[in-house]
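Bear in mind that the values here come from a model prediction, so they are computed numbers and not experimental data. Chain letters run A, B, ... following the sequence lines, proteins first and then strands; every chain starts at 1.
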Amino acid sequence: MKRVGKPVFFIVFVVILFLTYTSVFGIYSENGDLTVTHIKGINDIRWGIDIKGGVEAVFAPDKGIDATEEQMQSVKSIIDLRLVNQNVTDYEIYPDYTNDRITVRFPWKSDEENYDPGEAIKELASTAQLVFREGTSQDGTELLTGKEVKSASARFTQANANSPSQYVISLEFTDEGKKKFADATTNNVGKQISIWMDDTMISAPKVNEPITDGNAIISSDANPFTAESATDLANKINAGALPFSLTIESYGTISPSLGTYALEAMGYAAIAALCFIFLFMCIMYRLPGFVAFIALMGQLSLSLMAVSGYFTVFPSFTMTIPGIAGMILSIGMGVDANIITAERIKDELWTGKTLDGCINNGTKSSLSAIIDGNITIIIVAVILILVFGPANIFSALFGVSTTGLIYAFGYTLLVGVISNFIMGVWASRTMLRSISGLKFLRNKRLYGGKKKS
Amino acid sequence: MRQKFHIDFIKNSKIYFCISILLMLAALIVNIFVIPTRVDIQFTGGTIIKYSYSGKLTEKQISDVAQKATKDTITFTYAENLASSDSNSHLVSLQFMGNKAITVDEQDEVTKALTDAFPKNTFKVEQSTVVDASKGANFFFKCLAAVILAAVLIIAYIGIRFKKIGGVSAGVMAIVALVHDLIIVYFTFAVFNMSLNDNFIAVVLMVLGYSVNDTIVIYDRIRENRRKMGPKATTAEVTNASINQCFPRTIATSITTLAAIGSVLVVSLIYNIDSIISFALPMMIGLVSGCYSSICIAAPLWVMWKNHSDKKKAEKNKKEKEAKSEKKAKKKSAKKPAENAVTKKETKSSKKKPEPEVQEEEEEEEEEEETEETEETEETETAEEEKNSEETAAETED
């Protein structure tokens, strides 16, 4: 048997303690009045709308209208704009181009007591009002509206014969728009005209020369467009010219009081489950049981890290109540690996072999059963993620799901299984081999052997 | 060998079958005559609005006002609002009939009617769910596709895994056990009057995954014990021994898993969180069923199947032998592969049992046929295992 050094147990133990502490409480420092987050803890987890309270809505074009992908992009960009205007920044938006649906999910604004989610949804769905005005103030004379814009698109081209190529927004007007725009540009040479979406000014180009052929280009030398910003502006202008209005197909709202209450409940459930498993494992399996519990803490902290964005390389995850349930469930199933191993070690001990040999054989013979037990769970977790996740292979067939709450269940389940392999299998075995090197812990009874060995 | 349990699972199998069948029948009767299955508006489309309000109001007062504000028929459900610190806070859920997705304006009208009629009772929308029927159908088919995909993958996995450990028959039994568990999960939803929703799908998928692995662990042991216990042990004996050896692990794992999901259930019962109750309760029952079905359904059924096919084999074998001996008299050439296998087996058993008794010979031959069958599928595999088994046997003797 490969001997593992005695200090290894303490090193792994301390590492797990550290991970557990930091993943739960995080690490912060005070910098004047600002609290700087170094490592994200439980409090930094982004809770889903079922916990924080919030709104979910699915928008679709009017019945019977088959929108193009560009049109749907315009719809998305206008919803983006409106959410930002409402001061909602923590929102999720999932366009589904195959089925012409846009799902929006955003949390309740914490500072507003009497927030009316219905009003917010209606506002998002309202028809975009695109207006070209004289000057840069909202009271400027209306020059033309979105209806008179045929299309807008982003291009990479030379604005003038002499300038280098850059991203520009090219506008094409309808016949009526062509006339109006010709007048407007003739009257405003050298001045700015502004483009307004609802109550927001999205662009204020300066008119260089009269444009009479109905094709205009917006370019910017001082602050050049990127591919992204040009497309975004083009989308917004197109939104003003959409030939259809949006309907609210499905929506849901949850008040924050129900959610926070549920979160508290799940916290108690997690603590109760942990306490029970600790007692059960220590009584049933003694030393291996205790080691298993340490590993379980490690597993739990790894799961938390995967959710909270502990490592900045992994983005944080929106956690819902089913997600927490999945995490608690994976605690219960996680010790299975340790139970199988501990049972095998017990079996081996009863045949009267040496302790080291038993641990060695026990860990070896149990691995295939552990893998077996986890493969089917992995299959299921992956399917849950695929089906209820925001965008995946199924969305091509069935559209983006409205109820993404179960998605988190699949995610935490999968993360639980993976961290179980790291902690419940690898770390706990290393710890067990190391700790069994300590003299006072070499009594076979501690491993579930017979009274007299 | 340490063995804590000696339960004859095979002998009692009829009792287990009866328990399962009776339970399902009872649930079916309840389902048909008392509590019909409800499908959540997530799938059918529809509207549910949940209001909280404070103070005392009779149920009739509320329903009259709300009903007047809309043309659609509404069903009302009342509950205490435990989430509020105000002990006099209540919840009322309004479900609009006809699976109609109402508009925001229609919802506002109902809310306005309620607040106007009872200005002191602070009516507030706690939760509203409005699903368009086409969206619901879409979601339903997506879930269905997920379950089918999961089932296909898991059956494929069973296929791969059981090729090694029990053959097609064991794989079929594992699937029977799976179906058993899914039926139980379905009836849990029906009998507890919980509507079929995304929680149902999650539980179904979870139980699919969980149930199989108990079954696999047991068949894995059966394979191991088949080698250890020698050809003399009957299928029933081997199976019984295997289940009993796996029993501590199965129980311990089930206890920790159930404790985890059970604490979620208890807490959500105390706190009255519907969405989690309809997740945790069926999950618990599904896990228990998964554990029960692999021990009490899949394994005994497999033994019955095996015994049945062995009997047939034996009869066929007898006839064949008679035919063979007749043929042998005429021609010397017999079926080659069969002969090979028999001779190989004979040398083996003679090794293990130096003095074979004449009386047992008939019985033994039956046994041989049975092991032979599995050998035929992957002869090299078993040959290797036999080597291993001899090695391990030698080890334990030392």
>> Once ring pair (Phe, Tyr, Trp, His ring centres under 6.0 Å) is applied, do any residues pair with F200(B), and if so which ones, sequence neighbours excluded?
In response: F189(B)

>> Less than 4.5 Å apart, side chain to side chain, heavy atoms only: is that true for T253(B) and M333(A)?
In response: no

> So which heavy atom on I383(A) is nearest to which on A150(B), and how close?
Replying inline: CD1-CA, 3.2 Å

> Checking side-chain contact (heavy atoms from CB on, under 4.5 Å) against L205(B), which of L413(A), L384(A), I377(A) comes through?
Replying inline: L384(A)

> Which atom names give the shortest non-hydrogen contact between V380(A) and M206(B), and what distance separates them?
Replying inline: CG1-N, 3.9 Å

>> Quick check: closest heavy atoms across V104(B) and Y251(A), and the distance to 0.1 Å?
In response: CA-OH, 3.6 Å

> Taking A325(A), A60(A), A262(A), A269(A) one by one, which has the highest count of heavy-atom pairs under 4.5 Å against chain B?
Replying inline: A269(A)

>> Would you say that M266(A) contacts I273(B) through its side chain, given a criterion of any heavy-atom pair below 4.5 Å between the two side chains?
In response: no

>> Do S368(A) and D220(B) have side chains that approach each other closer than 4.5 Å (heavy atoms only, starting at C-beta)?
In response: yes

>> For Y261(A) and Y271(B), take the angle between the two ring planes, folded into 0 to 90°, and tell me which bin it lands in: parallel under 30, tilted 30 to 60, perpendicular over 60.
In response: tilted

> What part of S268(B) is in contact with chain A, defined as an atom under 4.5 angstrom from a non-hydrogen atom: side chain, backbone, both or neither?
Replying inline: neither

> In chain order, what residues pass the side-chain contact (heavy atoms from CB on, under 4.5 Å) check against L182(B), with sequence neighbours excluded?
Replying inline: V204(B), L208(B)

>> Counting only non-hydrogen atoms closer than 4.5 Å, does I254(A) touch chain B with its backbone (N, CA, C, O), its side chain (CB onward), both, or neither?
In response: both

> When rounded to the nearest 0.5 angstrom, what distance separates OG1 in T376(A) from CZ in R161(B)?
Replying inline: 11.0 Å

>> Taking side chain as everything from C-beta outward and backbone as N, CA, C, O, which of these in L265(B) sits under 4.5 Å from a heavy atom of chain A? Side chain, backbone, both or neither.
In response: neither

> Which of the residues Q127(B), M283(B), E126(B) is involved in the greatest number of heavy-atom pairs with chain A at under 4.5 angstrom?
Replying inline: E126(B)

> Highest number of heavy-atom pairs under 4.5 Å with chain B: which of L329(A), I277(A), D50(A)?
Replying inline: L329(A)

> Under 3.5 Å, side chain of T129(B) to main-chain N/O of G252(A), donor-acceptor pair present?
Replying inline: no

> What's the spacing between R249(B) CZ and I339(A) CD1 if we round to 0.5 Å?
Replying inline: 8.0 Å

>> Checking I328(A) against I261(B) for the side chain to side chain contact (heavy atoms under 4.5 Å, CB included) test, could you report, in this order, the C-alpha distance in whole Å, the side-chain angles of both residues, the deciding distance, and whether it holds?
In response: CA-CA 7 Å; I328(A) 297 174; I261(B) 199 73; over 6 Å; no

>> Quick check on the interface: out of I48(B), I276(B), V217(B), V266(B), who has the most heavy-atom pairs with chain A under 4.5 Å?
In response: I276(B)

> Between atom OG of S128(B) and atom CD1 of I121(A), what is the distance when rounded to the nearest 0.5 Å?
Replying inline: 6.5 Å

> Is it the case that more than 12 heavy atoms not belonging to F280(A) sit under 6.0 Å from its CZ atom?
Replying inline: yes

> T257(B) and D336(A): side chain to side chain contact (heavy atoms under 4.5 Å, CB included), yes or no, with the steps?
Replying inline: CA-CA 9 Å; T257(B) 311; D336(A) 182 44; over 6 Å; no

>> Can you give me the closest heavy-atom contact between Y285(A) and P248(B), atom names plus distance?
In response: OH-O, 4.4 Å

> What closest approach, in Å, do A259(B) and F276(A) show between heavy atoms, and which atom pair accounts for it?
Replying inline: CB-CD2, 3.2 Å

>> Please evaluate residues M284(A) and I251(B) with respect to the criterion side chain to side chain contact (heavy atoms under 4.5 Å, CB included), reporting the C-alpha separation (whole Å), side-chain torsions for both, the decisive distance (0.1 Å), and the verdict.
In response: CA-CA 12 Å; M284(A) 285 291 290; I251(B) 294 297; over 6 Å; no

> In terms of heavy-atom proximity below 4.5 Å to chain A, should Y210(B) be classed as side chain, backbone, both, or neither?
Replying inline: both

> Roughly how far apart are D105(B) CG and K122(A) NZ, rounded to 0.5 Å?
Replying inline: 4.0 Å

>> Given heavy-atom pairs under 4.5 angstrom as the criterion, report whether the side chain, backbone, both or neither of T103(B) touches chain A.
In response: backbone

>> Taking side chain as everything from C-beta outward and backbone as N, CA, C, O, which of these in I375(A) sits under 4.5 Å from a heavy atom of chain B? Side chain, backbone, both or neither.
In response: side chain

> Under a 4.0 Å N-O cut-off, is there an ion pair linking E224(B) with R344(A)?
Replying inline: yes

>> Given heavy-atom pairs under 4.5 angstrom as the criterion, report whether the side chain, backbone, both or neither of V212(B) touches chain A.
In response: side chain

> When heavy-atom pairs shorter than 4.5 Å are enumerated against chain B, which of S255(A), A273(A), A125(A) gives the highest number?
Replying inline: S255(A)

